[in-house]
Number of protein chains: 2
Amino acid sequence: MTTSDAAAGSALGAAAARLRVAVPSVADRVAAELRLQLAEGVLLPGARLTESTIAEDLGVSRNTVREAFAELAAERLVVRHPNRGVFVASLEAGDIHDVYTVRRAIEVSAIRGGGSPERVAAVRAAVEEGKAAAAANDEEGLGNANQHFHGAIVALAGSRRLDTIMSQVLAEMRLFFHKATVDAHFYRGYLPDNEEICNALEAGDLDHAGELLLAYLNRSEERQSAVHGE
Amino acid sequence: MTTSDAAAGSALGAAAARLRVAVPSVADRVAAELRLQLAEGVLLPGARLTESTIAEDLGVSRNTVREAFAELAAERLVVRHPNRGVFVASLEAGDIHDVYTVRRAIEVSAIRGGGSPERVAAVRAAVEEGKAAAAANDEEGLGNANQHFHGAIVALAGSRRLDTIMSQVLAEMRLFFHKATVDAHFYRGYLPDNEEICNALEAGDLDHAGELLLAYLNRSEERQSAVHGE
DNA sequence: CTTTGCCCGATTGTTCAACAATCCGACGAT
DNA sequence: ATCGTCGGATTGTTGAACAATCGGGCAAAG
């Protein structure tokens, strides 16, 4: 009886979470706003975020800003220096390797597990999105398409947890890119790789796809390390 | 110059983080206390955590408890139901598979990368710890040793991020175990597996070690799913 | 001229009190 | 028995307050 109660309880809870019509808490909205500014490069790595300033800028209480900071800190987008304030996270050399270690683990694992046809189609869609952006000389679109591509690969696994981990990693990398401007042809060279990986995936040659992806990630890390301080 | 400044700044920041002599914020201590109670099963899945109660129990402000909740929610140990309160997370069938998907990704990836001799030694130490606990009929020790074993495997990769992800996943599983009491011989059957994996790792046969580990995780997931509601 | 020590302003960490919004359960009407 | 309605309890959010801590500037000492 207790088990059925618990089951019913969590089922309702899940339904509520699904049906909920977008009433995010104020702290969540503040966090979302800051996330946006971080992604767009309005807030650059190393920048300081003063509680009172943000509080009055956004018209909310300082305590609320504080809660938003906790969210962002948990996502590593921001670091807290006790008694000194919070600063936009700034990745250093070691972090690059660390981030790519995570990406190798979850992306390769996901692609080697294959995925439903719809999810494979999502990967293909990201490839096409990249080609379209390249044709239109849309550099920002190229970057987004690339992130969609890798996000779609992880989504193959169909794991909520892996998806959130990946999205956080991508957010970190986005932050990182703002530090050193990427040259115009940065992503363009990866388009053929993406397509080849996608081809292998569609052909069901998962081992090969995994190897290609792994090689891609290694090359990408090398390039990132070279571009930045090192 | 700005780059050197930034580098110096983060270097100092890292040093400060390393040297800091344990002055965790109050919110952090509250979170730690709750984490402990969660791990020990004092707080069972589904239980409600009332802000005011915890606040006066621990002698801190409600806002501080709130911040601690944010930490725990980010770690998925607790779920927030808006306007209703926070509840100890309770994993359901789907979550088991999800958690094991994450474990497969990061543990297999880590072991296939090998690791420094010291880190391999740490894996061996966890195996011995398990054998000692088995000899002493220490069931709780067996469980801990098993978690140390898998933690040590992930630590092979030497990635801060992977380590924290793994520790969070292990915390989630710990929570999960409290739901259905595990029978006395639950872990004992895994001891030979652990040793065999460790042997392969020490022998440098990483592919084999990876396969063994993967098989182990699949079996483990199957068993967990069977034990619990299904 | 450099270094040491000290103090001051600014910001964070934490608490407290208050109020609106929301939810749960009980009570009562139909 | 079902459905509204109401009241109590808890959360969400705010504002203000105070101690603790930090960084920088200034002055004194070497």
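Convention: sequence-line order gives letters A, B, ...; per-chain numbering from 1.
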Of all residues at least two apart in sequence or in a different chain, which pass the salt bridge (charged side-chain N to carboxylate O under 4.0 Å, His left out) check with A:R219? A:D193

Contact check, side chains of B:L58 and B:V65, non-hydrogen atoms, under 4.5 Å: no

If the condition is side-chain contact (heavy atoms from CB on, under 4.5 Å), which residues does A:D95 pass it with, not counting sequence neighbours? A:L91, A:E92, B:R160, B:R161

Who pairs with B:D28 by side-chain contact (heavy atoms from CB on, under 4.5 Å), at least two apart in sequence or on another chain? B:P24, B:S25, B:E71

Tell me which pairs pass salt bridge (charged side-chain N to carboxylate O under 4.0 Å, His left out) where either residue lies in residues 74-91 of chain A, with sequence neighbours left out. A:R35-A:E75

Only distances under 3.5 Å count here; give the side-chain donor-acceptor pairs of residues 102-110 of chain A to other protein atoms, sequence neighbours excluded, each with its distance to 0.1 Å.
| from | atom 1 | to | atom 2 | distance (Å) |
| --- | --- | --- | --- | --- |
| A:R103 | NE | A:E107 | OE2 | 2.7 |
| A:R103 | NH2 | A:E107 | OE2 | 3.0 |
| A:R103 | NH2 | A:H150 | ND1 | 3.3 |
| A:R104 | NH1 | A:N218 | OD1 | 2.8 |
| A:R104 | NH1 | A:E221 | OE1 | 2.9 |
| A:R104 | NH2 | A:E221 | OE1 | 2.9 |
| A:E107 | OE1 | A:H150 | ND1 | 2.6 |

List in numerical order all residues of residues 55-79 of chain B for which some heavy atom is under 4.0 Å away from an atom belonging to DNA chain D. B:R62, B:N63, B:R66

Please list, by residue number, the residues of residues 26-35 of chain A whose heavy atoms come closer than 4.0 Å to an atom of DNA chain C; answer none if no residue qualifies. none

Sorted by chain and number, sequence neighbours left out, side-chain contact (heavy atoms from CB on, under 4.5 Å) with B:A126 holds for B:H148, B:F149

Once side-chain hydrogen bond (donor to acceptor under 3.5 Å, both in side chains) is applied, what residue pairs with a partner in residues 36-50 of chain B remain, sequence neighbours excluded? B:E33-B:Q37

All side-chain contact (heavy atoms from CB on, under 4.5 Å) counterparts of B:V120, not counting sequence neighbours: B:L156, B:L201, B:E202

I'd like a table of atom pairs between the protein and nucleotides 9-11 of chain C - only N or O on both sides, under 3.5 Å - with the distance next to each one.
| from | atom 1 | to | atom 2 | distance (Å) |
| --- | --- | --- | --- | --- |
| C:dT11 | O3' | A:R48 | NH2 | 3.1 |

Using side-chain hydrogen bond (donor to acceptor under 3.5 Å, both in side chains) as the criterion, list what pairs up with A:N146, not counting sequence neighbours. A:N194, A:Y216

